[in-house]
Amino acid sequence: MDRLRQLPKEKRKAVMHAAMEVFAQSDYKRASTEEIARKAGISKGLLFYYFKNKQTLYLYLARYLQSFIEQNMKMEQLAGITDFFDLLDYGMEEKLAILRKLPWALEFSVRMYYTAEREIGPALQKYQVRVLEELWERYFTGVDLEKFRPGVQPRQVLDMLVYLTDGYIHRRRMEQKPLELEELVREYMVWRGILRSYAYKEEYQ
């Protein structure tokens with residue numbers, strides 16, 4: 001958004017965080033752009049000067065959150081890890097530390113990644129697939145393949161972990177229960193142990 005760059009950095013941040021809070025507390029259709037503008041300290045007209053509509057704002061916010069996480073992670077350390085599961089652990093720990101510091105980020109992420117809204121759903125799905133492919137190419141193609149059992153591919157294991165996470169979050173949403181980071185970490189450690197036993201040769205267990 002070229003127009004958004006006209007704002008000072010702190011004001012841009014205020015707009016993004018206000019939008020994240022409102023979208024995290026409500027579904028896409030019911031989220032109020034008036035409330036976003038009020039929380040950001042600008043008029044609704046000015047909000048739509050920067051973003052032509054709610055859809056544009058939402059998709060920009062999705063990219064903003066991903067960029068915020070990447071900018072605050074220690075990427076050079078991440079790029080130097082060759083053990084598949086160490087890489088997963090480090091990336092998860094870094095990302096969760098960032099999410100804990102950013103109010104509403106977790107709830108917004110869950111709503112965003114599992115939205116069924118026709119207006120934004122297709123674009124978000126394409127974006128999510130692209131981000132996963134980019135992360136895979138950037139960080140996972142250099143893992144040590146010698147540790148894997150014959151026939152087991154690292155990408156296959158990563159996909160399994162994604163499926164387990166999707167299933168866990170879907171269940172929590174169906175039960176109308178909040179997603180707790182600490183509980184998610186405990187579940188991840190169980191999945192990690194199972195997948196490591198499946199994927200790695202015995203000497204690397």
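Throughout, numbering of the chain's residues begins at 1 and tracks the sequence.
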Q: How close do Q66 and Y127 get, heavy atom to heavy atom, and via which atoms?
A: CB-OH, 3.1 Å

Q: Taking the side chain as every heavy atom from C-beta outward, state whether V22 and W104 have any pair of such atoms under 4.5 Å apart.
A: no

Q: Using side-chain heavy atoms (C-beta onward) and a distance below 4.5 Å, is R173 in contact with Y168?
A: no

Q: Please examine the side chains of E21 and I36, heavy atoms only from C-beta on, and report whether any two atoms are closer than 4.5 Å.
A: no

Q: Check the side chains of S32 and E34 for a donor-acceptor pair under 3.5 angstrom, ignoring hydrogens and angles.
A: yes

Q: Is R172 paired with E183 through a side-chain N to carboxylate O contact shorter than 4.0 Å?
A: yes

Q: Can you list the steps and then say if D83 with Y200 is a side chain to side chain donor-acceptor pair (under 3.5 Å)?
A: CA-CA 11 Å; D83 182 273; Y200 271 8; 3.2 Å; yes

Q: Side-chain heavy atoms under 4.5 angstrom apart, residues restricted to Ile, Leu, Val, Met, Phe, Trp, Tyr: same cluster for F48 and I42?
A: no

Q: Can you confirm whether the side chains of Q156 and Y198 place a donor and an acceptor under 3.5 Å from each other?
A: yes

Q: With side chains defined as the heavy atoms from C-beta onward, is the minimum distance between L158 and L88 less than 4.5 Å?
A: yes

Q: Let's go through Q125 and Y113 carefully: what are the C-alpha distance in whole Å and the side-chain angles of both, what is the deciding distance for side-chain contact (heavy atoms from CB on, under 4.5 Å) to 0.1 Å, and is it a yes or a no?
A: CA-CA 8 Å; Q125 289 165 7; Y113 282 109; over 6 Å; no

Q: Quick one, L57 with M16, criterion side-chain contact (heavy atoms from CB on, under 4.5 Å). Give me CA distance, side-chain angles, the key distance, then yes/no.
A: CA-CA 9 Å; L57 170 59; M16 290 293 94; 4.0 Å; yes

Q: So that I can tick it off, tell me whether R100 and E182 are bridged by a salt bridge, with the cut-off set at under 4.0 angstrom between side-chain N and carboxylate O.
A: yes

Q: Do L195 and V185 share a hydrophobic cluster (ILVMFWY, side-chain heavy atoms under 4.5 Å, transitive)?
A: yes

Q: Would you compute the distance between atom CG of L59 and atom CZ of F51 and round it to the nearest 0.5 angstrom?
A: 11.0 Å

Q: Output yes when a side-chain donor or acceptor of R192 lies under 3.5 Å from a complementary backbone atom of L161, and no otherwise.
A: no

Q: Please lay out, stage by stage, how Y49 and Q6 fare under the test side-chain contact (heavy atoms from CB on, under 4.5 Å).
A: CA-CA 11 Å; Y49 170 77; Q6 299 172 12; 3.4 Å; yes

Q: With a distance cut-off below 6.0 Å to the six-membered ring centre and an angular limit of 45° from the axis, does K54 pair with Y28 as a cation-pi contact?
A: yes

Q: Please tell me whether F84 and F148 form a close aromatic pair, meaning their ring centres lie under 6.0 Å apart.
A: yes

Q: So, taking the atom named CD in E187 and the one named CG in L164, what distance separates them when rounded to the nearest 0.5 Å?
A: 9.5 Å

Q: Hey, what do you get for OH (Y60) to OG (S67), rounding to the nearest 0.5 Å?
A: 8.0 Å

Q: Would you indicate whether the side-chain heavy atoms of T165 and Y188 approach each other to under 4.5 Å?
A: no

Q: To the nearest 0.5 Å, what is the distance between CG (N72) and CD (E94)?
A: 9.5 Å

Q: Restricting to non-hydrogen atoms, name the atom on Y204 and the atom on R196 that form the minimum distance, rounded to 0.1 Å.
A: O-NH2, 2.9 Å

Q: Strictly distance-based, threshold 3.5 Å: is any side-chain N or O of R111 a donor or acceptor partner for the main-chain N or O of A24?
A: yes

Q: Ignoring hydrogens and angles, tell me if any N or O in the side chain of K11 forms a donor-acceptor pair with the backbone of A40 under 3.5 Å.
A: yes

Q: First locate atom CZ of R130, then atom CD of E134, and finally report the distance between them rounded to the nearest 0.5 Å.
A: 6.0 Å

Q: Within the 3.5 Å criterion, strictly below it, is a donor on D166 or Y114 matched to an acceptor on the partner's side chain?
A: yes

Q: Provide the closest heavy-atom pair for I81 versus L87 in the form atom of the first, atom of the second, distance.
A: CG2-N, 3.6 Å

Q: Main chain of E137, side chain of T141: is a donor-acceptor contact present, judged purely on distance under 3.5 Å?
A: yes

Q: What closest approach, in Å, do V157 and A199 show between heavy atoms, and which atom pair accounts for it?
A: CG2-CB, 3.8 Å

Q: Any idea which heavy atoms bring L124 and M112 closest together, and the distance?
A: CD1-O, 3.6 Å

Q: In the structure I gave you, are the side-chain heavy atoms of K101 and I98 within less than 4.5 Å of one another anywhere?
A: no

Q: Can you label the angle between the W136 ring and the F140 ring as parallel, tilted or perpendicular, going by 30° and 60°?
A: parallel

Q: What about L181 and F108, same hydrophobic cluster or not, with Ile/Leu/Val/Met/Phe/Trp/Tyr joined at side-chain heavy-atom distances under 4.5 Å?
A: yes

Q: Quick one: do Y163 and V110 end up in the same hydrophobic cluster if we chain Ile, Leu, Val, Met, Phe, Trp and Tyr together by side-chain heavy atoms under 4.5 Å apart?
A: no

Q: Under 4.0 Å between a Lys/Arg side-chain N and an Asp/Glu carboxylate O for R30 and E35?
A: no

Q: Look up atom OG1 in T115 and atom OH in Y58, then write down how far apart they are to the nearest 0.5 Å.
A: 5.5 Å

Q: Could you walk me through whether N53 and T33 pass the side-chain contact (heavy atoms from CB on, under 4.5 Å) test, one step at a time?
A: CA-CA 9 Å; N53 52 40; T33 50; over 6 Å; no

Q: Does Q205 reach the side chain of S197, with side-chain heavy atoms less than 4.5 Å apart?
A: yes

Q: Which atoms form the tightest heavy-atom contact between P154 and V143, and what is the distance?
A: CG-CG2, 3.9 Å

Q: Given 3.5 Å as the limit, does a donor-acceptor pair link the side chain of K201 with the main chain of E146, or not?
A: yes

Q: Just by modelled atom types, is the E119 backbone N or O under 3.5 Å from a matching donor or acceptor in the Q55 side chain?
A: yes

